[in-house]
Protein chains: 2
Amino acid sequence: MPATNGRSPVMADVARIAGVSHQTVSRVLNGHPNVKAETRTRVEMAIDELGYRRNSSARALVTRRTSVIGVVAFDPTLYGPASTLGGIERAARAAGYFLSVVTLQTVTREAVREAMDYLAQQSVEGYIVIAPLRTVVDGLVDLPYGRPVVAVEGGQAPDLPVVCVDQPGGAYLATRHLLELGHRTVHHVAGPHDWLESEGRVAGWRRALEEAGAPVHEPLSGDWRPREGYELGRRLAEDREVTSVFVANDQMALGVLRALGETGVRVPQEVSVVGFDDVPEAEFFTPPLTTVAQDFSEVGQRSIALLLSLLEESDSPGTAPKRDVVPARLITRQSTATPSTR
Amino acid sequence: MPATNGRSPVMADVARIAGVSHQTVSRVLNGHPNVKAETRTRVEMAIDELGYRRNSSARALVTRRTSVIGVVAFDPTLYGPASTLGGIERAARAAGYFLSVVTLQTVTREAVREAMDYLAQQSVEGYIVIAPLRTVVDGLVDLPYGRPVVAVEGGQAPDLPVVCVDQPGGAYLATRHLLELGHRTVHHVAGPHDWLESEGRVAGWRRALEEAGAPVHEPLSGDWRPREGYELGRRLAEDREVTSVFVANDQMALGVLRALGETGVRVPQEVSVVGFDDVPEAEFFTPPLTTVAQDFSEVGQRSIALLLSLLEESDSPGTAPKRDVVPARLITRQSTATPSTR
DNA sequence: GACAACATTGTTAGCGCTAACAGAGCCGGC
DNA sequence: GCCGGCTCTGTTAGCGCTAACAATGTTGTC
């Protein structure tokens with residue numbers, strides 16, 4: 001490393017080699033227009049020669065911008081959150097932002113606050129919180145950070161900028177599909193209470209049934225995991241009234257399929273099953289699962305877009321919180337059919 | 001916000017309120033021992049009163065430590081990488097580090113370099129690269145960053161600090177299990193060429209067969225996804241010689257199960273199947289899948305531990321790159337049995 | 001009581017960068 | 001020729017923090 005005596009080069013080193021002031025180097029790096037072309041190339045050559053890289057801390061200190069967005073996420077081994085995170089990350093990078101991610105083990109209000117405090121240490125410019133629970137969303141209003149917050153999957157939260165998938169719409173599609181196949185009604189295996197996605201899916205399912213004048217049975221409730229899907233599936237298998245089930249996610253639907261298969265109930269001949277999420281495996285379940293697809297990566301992109309727009313207008317507040325809803329779509333496979341006798 | 005005139009408080013504001021110098025505030029924040037207890041509480045009260053938070057950029061500028069670790073990851077919608085990432089993140093946070101994650105769409109050498117360049121902009125202190133491909137690992141030696149790099153799942157890479165799961169060991173366990181059940185030999189559906197995990201699993205499978213003197217059939221090769229598992233499964237179903245299959249991951253194993261089921265081959269009575277990963281769904285496949293579990297979160301923790309040890313000794317280099325191998329273990333379920341006739 | 005040793009606090013000088021201003025050189029118009 | 005207005009470059013002053021040193025007071029020891 002020439003002429004920097006061991007330490008990593010700074011702007012002054014580049015300036016010396018290029019025969020200019022350090023400020024001119026800064027201008028070149030920031031794409032300032034008023035730099036003579038010849039000077040610019042000389043500076044660029046010096047930068048290459050030294051392998052110089054601008055010190056981000058010094059820059060952040062003086063510009064008061066860290067270019068870091070804080071993300072609070074839940075269990076990213078689940079397909080949905082992981083995909084959303086991926087979409088967020090790509091969009092952030094495209095906009096020149098860095099992502100600092102904290103994932104939570106428990107989804108309490110305190111855990112979210114703690115995560116955001118941790119991110120605040122890093123002076124993030126804004127937050128994206130994947131907030132699928134009502135308690136979490138409620139804890140997100142009136143935060144003491146003075147920085148914009150976007151809630152992903154924040155449901156109907158009125159006082160918060162939110163990006164979410166149209167859960168009721170997706171559930172409505174799934175339920176309509178089963179009713180149109182000729183099922184008298186549709187049973188529902190819901191997600192956990194307090195989850196906004198559960199609530200939205202229940203709402204859409206209920207609306208479809210009520211519109212059709214179909215009887216509404218109280219939904220069973222699971223924890224998203226295949227195991228509970230399996231256990232609830234055993235209960236559904238025993239009930240000869242059940243001819244179709246709308247399950248709130250694909251993993252539980254897998255458990256339901258397994259339970260039905262074990263007890264000798266044929267899918268879709270005797271019972272139809274619809275899931276939600278369209279995980280890559282869904283196509284290869286036994287039988288391939290009809291389900292509702294969500295465009296997670298679109299959700300991620302819109303979250304970043306919304307946060308960036310909030311960052312821009314943070315000097316002139318007053319605009320009402322925005323809501324961005326991404327539609328869901330039905331994927332028809334072989335786990336649904338017109339009912340025959342059981 | 002009292003006495004800071006609108007702007008967010010700085011150390012000098014705290015100092016003024018507490019009636020001390022800003023350096024004493026700094027000492028309190030850094031837990032310096034020589035501060036009188038009474039002074040300390042006065043400073044802490046002033047901090048609380050103002051809601052003061054230390055400016056991380058200024059701190060990083062002067063200490064030359066950003067406390068950020070850069071992570072390059074692949075497709076985190078896959079269970080393994082996502083779990084590893086979770087383990088890394090928890091361990092990093094416990095050690096007071098922040099994580100900056102870049103996920104890659106394509107796994108070329110260039111893409112990895114690009115991601116690392118991006119992270120270098122942020123002055124990360126070290127890198128963790130989830131590097132399951134040979135090309136990626138090869139591109140990781142002699143990097144121009146002058147910062148430590150840990151490769152996760154970097155296989156046998158000799159010149160690089162590596163943390164990985166004992167892939168050959170896990171594959172050996174799976175294959176032995178099938179041989180001990182009485183299968184004459186074990187067929188293998190491998191992962192993609194060039195993936196180190198594929199290679200390791202092939203090696204362990206081959207060693208078990210050779211030790212037992214069993215015939216070694218050329219492995220089929222898939223892309224980890226259920227779809228190719230399904231297609232390769234169709235081919236295996238046609239071959240009446242096949243009585244047992246060791247599939248390189250659970251997702252492909254799902255496809256194989258589906259293919260066998262569709263063609264009327266009973267599992268495990270006619271063909272036994274073993275997977276790899278122990279995804280949460282594996283227990284609910286049809287039939288529940290015997291598979292090899294990897295402790296991903298342990299891998300994540302050890303990666304951080306290794307990186308931190310490299311950071312500490314970065315002033316005194318000379319120690320050889322370390323290798324940390326996490327054992328795998330067999331989970332026996334209902335997809336394997338003693339072979340009967342086909 | 002003098003002195004060393006320690007505990008506690010303050011003062012000063014940067015870390016590497018950008019913003020603001022200043023200044024030099026050059027052009028055209030009157 | 002002079003002046004306003006360009007383009008280009010340099011000088012200076014911080015951003016908010018920590019490290020190093022200096023300067024107190026406070027003990028204990030002989």
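Labels below follow one simple rule: chain letters A, B, ... track the order of the sequence lines, proteins then strands, and each chain is numbered from 1.
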A.B. asks: Ion pair present between B/Glu44 and B/Arg40, side-chain N to carboxylate O less than 4.0 angstrom?
C.D. replies: no
A.B. asks: Side chain of B/Arg54 only, heavy atoms from C-beta on: which candidate in C/dC17, D/dC17, C/dG10 is closest?
C.D. replies: D/dC17
A.B. asks: Filter on ring-ring contact (aromatic ring centres under 6.0 Å, His included), then keep only pairs touching residues 33-55 of chain B, sequence neighbours left out; what's left?
C.D. replies: none
A.B. asks: Compare the minimum distances between each of C/dG10, D/dG10, D/dC17 and the side chain of B/Val20, then state the nucleotide with the smallest one.
C.D. replies: C/dG10
A.B. asks: Taking only N and O in the side chain of A/Ser57, is any of them less than 4.0 Å away from OP1 or OP2 of C/dC17?
C.D. replies: no
A.B. asks: Mind running a 4.0 Å heavy-atom check of residues 27-36 of chain B against DNA chain D and sending the residues that fall below it, in number order?
C.D. replies: B/Asn30
A.B. asks: Does a donor on one side chain and an acceptor on the other come within less than 3.5 Å for A/Ser56 and B/Ser123?
C.D. replies: yes
A.B. asks: Relative to each other, are the rings of A/Tyr79 and A/Phe296 parallel, tilted or perpendicular (30° and 60° limits)?
C.D. replies: perpendicular
A.B. asks: Return no unless some side-chain N or O of B/Arg64 is found under 4.0 Å from OP1 or OP2 of D/dT18.
C.D. replies: no
A.B. asks: With a 3.5 Å cut-off and heavy atoms only, can you find an N or O donor on one side and an acceptor on the other between the side chain of B/His22 and the base of D/dT18?
C.D. replies: yes
A.B. asks: May I ask you to say what A/Thr24 touches in the nucleic acid, namely base, sugar-phosphate or nothing, with a heavy-atom cut-off under 4.0 Å?
C.D. replies: sugar-phosphate
A.B. asks: Round to the nearest Å and state the distance from A/Leu61 atom CG to C/dG16 atom P.
C.D. replies: 12 Å
A.B. asks: Could you give the CE-to-P distance, from B/Met11 to C/dG14, as a whole number of Å?
C.D. replies: 20 Å
A.B. asks: Strictly by modelled atom types, are A/Arg64 and B/Asn55 linked by a side-chain donor-acceptor pair under 3.5 Å?
C.D. replies: no
A.B. asks: Looking at the side chain of B/Asn55, which of D/dC17, D/dT9, D/dA19 is the nearest nucleotide?
C.D. replies: D/dC17
A.B. asks: I want to check one thing: is the phosphate of C/dT9, taken as OP1 and OP2, less than 4.0 Å away from some side-chain N or O of B/Thr39?
C.D. replies: yes
A.B. asks: Considering just the side-chain nitrogens and oxygens of B/Ser26, establish if one lies under 4.0 Å of OP1 or OP2 belonging to D/dT18.
C.D. replies: yes
A.B. asks: Take B/Arg65 and B/Glu125, measure what salt bridge (Lys or Arg N to Asp or Glu O under 4.0 Å) needs, and give me the verdict at the end.
C.D. replies: CA-CA 7 Å; B/Arg65 296 195 49 231; B/Glu125 291 187 35; 3.6 Å; yes
A.B. asks: Is the closest basic N to carboxylate O distance between A/Asp324 and A/Arg302 below 4.0 Å?
C.D. replies: yes
A.B. asks: Whole angstroms only, please: what is the CG-C1' distance between A/Leu50 and C/dG16?
C.D. replies: 15 Å
A.B. asks: Among C/dT18, C/dG16, D/dG10, which nucleotide has an atom closest to any side-chain atom of A/Arg59?
C.D. replies: C/dT18
A.B. asks: Figure out the CD/C1' separation between A/Gln23 and C/dG16, and round it to whole Å.
C.D. replies: 12 Å
A.B. asks: Using the closest heavy atom to pick a nucleotide of DNA chain C for each, name whichever of B/Ala58 or B/Gly19 lands nearer the 5' end.
C.D. replies: B/Gly19
